[in-house]
Protein chains: 2
Amino acid sequence: MDDLEIRKAGLKVTLPRIKILELLREHTDRHLSAEDVYKLLIGCESDVGLATVYRVLTQFESAGLVKRHNFEGGQSVFELDRGGHHDHIVCLDCGHVEEFIDEVIEKRQRTIVKEKGFALEKHALILYAHCSRGNCPNRNR
Amino acid sequence: MDDLEIRKAGLKVTLPRIKILELLREHTDRHLSAEDVYKLLIGCESDVGLATVYRVLTQFESAGLVKRHNFEGGQSVFELDRGGHHDHIVCLDCGHVEEFIDEVIEKRQRTIVKEKGFALEKHALILYAHCSRGNCPNRNR
DNA sequence: TGTTAAATGCGAATTCTTCTCGTTTGTACA
DNA sequence: TGTACAAACGAGAAGAATTCGCATTTAACA
């Protein structure tokens, strides 16, 4: 149940929070922007303000429930954090997101950083590509 | 000379453009935001407007003279494009930027994308780390 | 069920970036 | 070398994404 995760994060279990978590669970193929979440909420009775959406997403991020990514396009997008790091392939046409993790790349990164005398904190690897799904072409995100 | 590159890009050779190109040449250790460029220009007599800085940087980008990156922090940063792709290590403390290119990683990326049935267009790999330069700690960008 | 701190919604404020428009300035060509 | 004209400029308004401030509502827990 959603309640538990929110409670575990030390947050009150409120309708906006439950709804937002629910939405993120339903949309795993395409990461959602705050605006996206807001619009989806409007479309389903719940009357949640945009400021609340931003607030909740940011809190969820701090709590480790969601991850924020800065793909191209200026606005942040969010995805459920189901633990475990992964990188992304993003379709430039339809916004479809595919996850992947590659140990060869991960290892090389650590090596490179160490060689340069840095201490790796985190990384962002995004492959921008064109996917080949039937419903894709031109459905510009 | 700066003039040539600007001219070759099909742009008029104006003072703002010359100055901005000059600045980018002088700051290769740390990518500059439009704001950074604007402030540096103020600090050296030239009276260039912020709008012009954005305009010129965007034009330079289209012309292939500079590259725009979206590191963390919300604002775009720019670097001279000396041809040849590379990825970045960014110091979270001082903003220092180190470039690198790793063929192992490049190759793996192509393989992964192909396996998933995508056509790779471009990618962004940024390693966020802590550097160990003397003047670094806490000089929060 | 009442109290209280936390959360919400709204609109105003910020921040980064782009646009508009009247003025200035390279550039080509006489 | 002067002139005409499109291109470029500066300043401030406008726009997009995000955050803030505050009065009101609500979940939590006694």
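Computed from a predicted model, the values in this text were never measured in an experiment. Within every chain, numbering begins at 1; the chains are lettered A, B, ... in the order of the sequence lines, protein sequences first and strands thereafter.
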Determine to 10° how strongly the helix from C:dT1-D:dA30 to C:dA30-D:dT1 is bent, judged from the axes of its five-pair ends. 30°
Between B:T111 and B:K107 (side chain of the first, backbone of the second, donor and acceptor by atom type, cut-off under 3.5 Å), is there such a pair? yes
Can you list the steps and then say if B:E72 with A:K122 is a salt bridge (Lys or Arg N to Asp or Glu O under 4.0 Å)? CA-CA 12 Å; B:E72 291 199 332; A:K122 58 183 171 177; 2.8 Å; yes
Does a donor on one side chain sit under 3.5 Å from an acceptor on the other, for [X] and [Y]?
{"X": "B:E79", "Y": "B:H27", "value": "no"}
{"X": "A:T58", "Y": "A:R55", "value": "no"}
{"X": "B:E98", "Y": "B:H88", "value": "no"}

How would you give the extent of chain A contacts on DNA chain C, as first and last nucleotide 5' to 3' within a 4.0 Å heavy-atom cut-off?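 The contacted stretch runs from C:dA5 to C:dG11.
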For residues A:I89 and A:L92: do they belong to one hydrophobic cluster (side chain heavy atoms under 4.5 Å, members Ile, Leu, Val, Met, Phe, Trp, Tyr)?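 Different clusters.
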Starting from [atom2] on [N], measure out to [atom1] on [X] and report it in whole angstrom.
{"X": "B:D47", "N": "D:dA8", "atom1": "CG", "atom2": "P", "value": "20 Å"}
{"X": "A:D36", "N": "D:dA17", "atom1": "CG", "atom2": "P", "value": "10 Å"}
{"X": "B:Q59", "N": "D:dA6", "atom1": "CD", "atom2": "C1'", "value": "14 Å"}
{"X": "B:Q75", "N": "D:dT18", "atom1": "CD", "atom2": "P", "value": "14 Å"}

Compare every heavy atom of [Y] with every heavy atom of [X], then report the nearest pair and how far apart it is.
{"X": "B:V13", "Y": "B:D3", "value": "CG2-O, 3.8 Å"}
{"X": "A:T52", "Y": "A:P16", "value": "CG2-CB, 4.0 Å"}
{"X": "A:S76", "Y": "A:N70", "value": "OG-OD1, 3.2 Å"}

Polar pairs (N or O, both sides) under 3.5 Å between protein and nucleotides 13-15 of chain D?
none

Which comes earlier along DNA chain C counting from the 5' end, the contact point of A:V48 or that of B:A34, where each point is its nearest nucleotide? A:V48
Which pairs of donor and acceptor atoms, one on a side chain in residues 112-120 of chain B, lie under 3.5 Å apart (sequence neighbours left out)?
| from | atom 1 | to | atom 2 | distance (Å) |
| --- | --- | --- | --- | --- |
| B:K116 | NZ | A:E99 | O | 3.2 |

Taking the inter-plane angle between the rings of A:F71 and A:Y128 on a 0 to 90° scale, is it parallel (under 30°), tilted (30 to 60°) or perpendicular (over 60°)?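 Ring orientation, 0 to 90° scale: perpendicular.
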A:C94 versus A:C131: any side-chain heavy-atom pair under 4.5 Å?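 Yes, their side chains come closer than 4.5 Å.
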Just wondering, do A:F100 and A:L125 contact through their side chains at under 4.5 Å, heavy atoms? yes
Under-4.0 Å salt bridge between [X] and [Y]:
{"X": "B:E22", "Y": "B:R17", "answer": "no"}
{"X": "B:R25", "Y": "B:E5", "answer": "yes"}
{"X": "A:E26", "Y": "A:K19", "answer": "no"}

Check the interface with nucleotides 26-30 of chain D: list each N/O to N/O pair with the protein under 3.5 Å, or write none.
| from | atom 1 | to | atom 2 | distance (Å) |
| --- | --- | --- | --- | --- |
| D:dA27 | N3 | A:K12 | NZ | 3.4 |
| D:dA28 | OP1 | A:R7 | NH1 | 3.3 |
| D:dA28 | OP1 | A:V13 | N | 3.2 |

Which pairs, protein N/O on one side and nucleotides 21-24 of chain D N/O on the other, fall under 3.5 Å?
| from | atom 1 | to | atom 2 | distance (Å) |
| --- | --- | --- | --- | --- |
| D:dG21 | O6 | A:R55 | NH1 | 3.4 |

Tell me whether the side-chain N/O atoms of A:T58 come closer than 4.0 Å to OP1 or OP2 in D:dT18. no
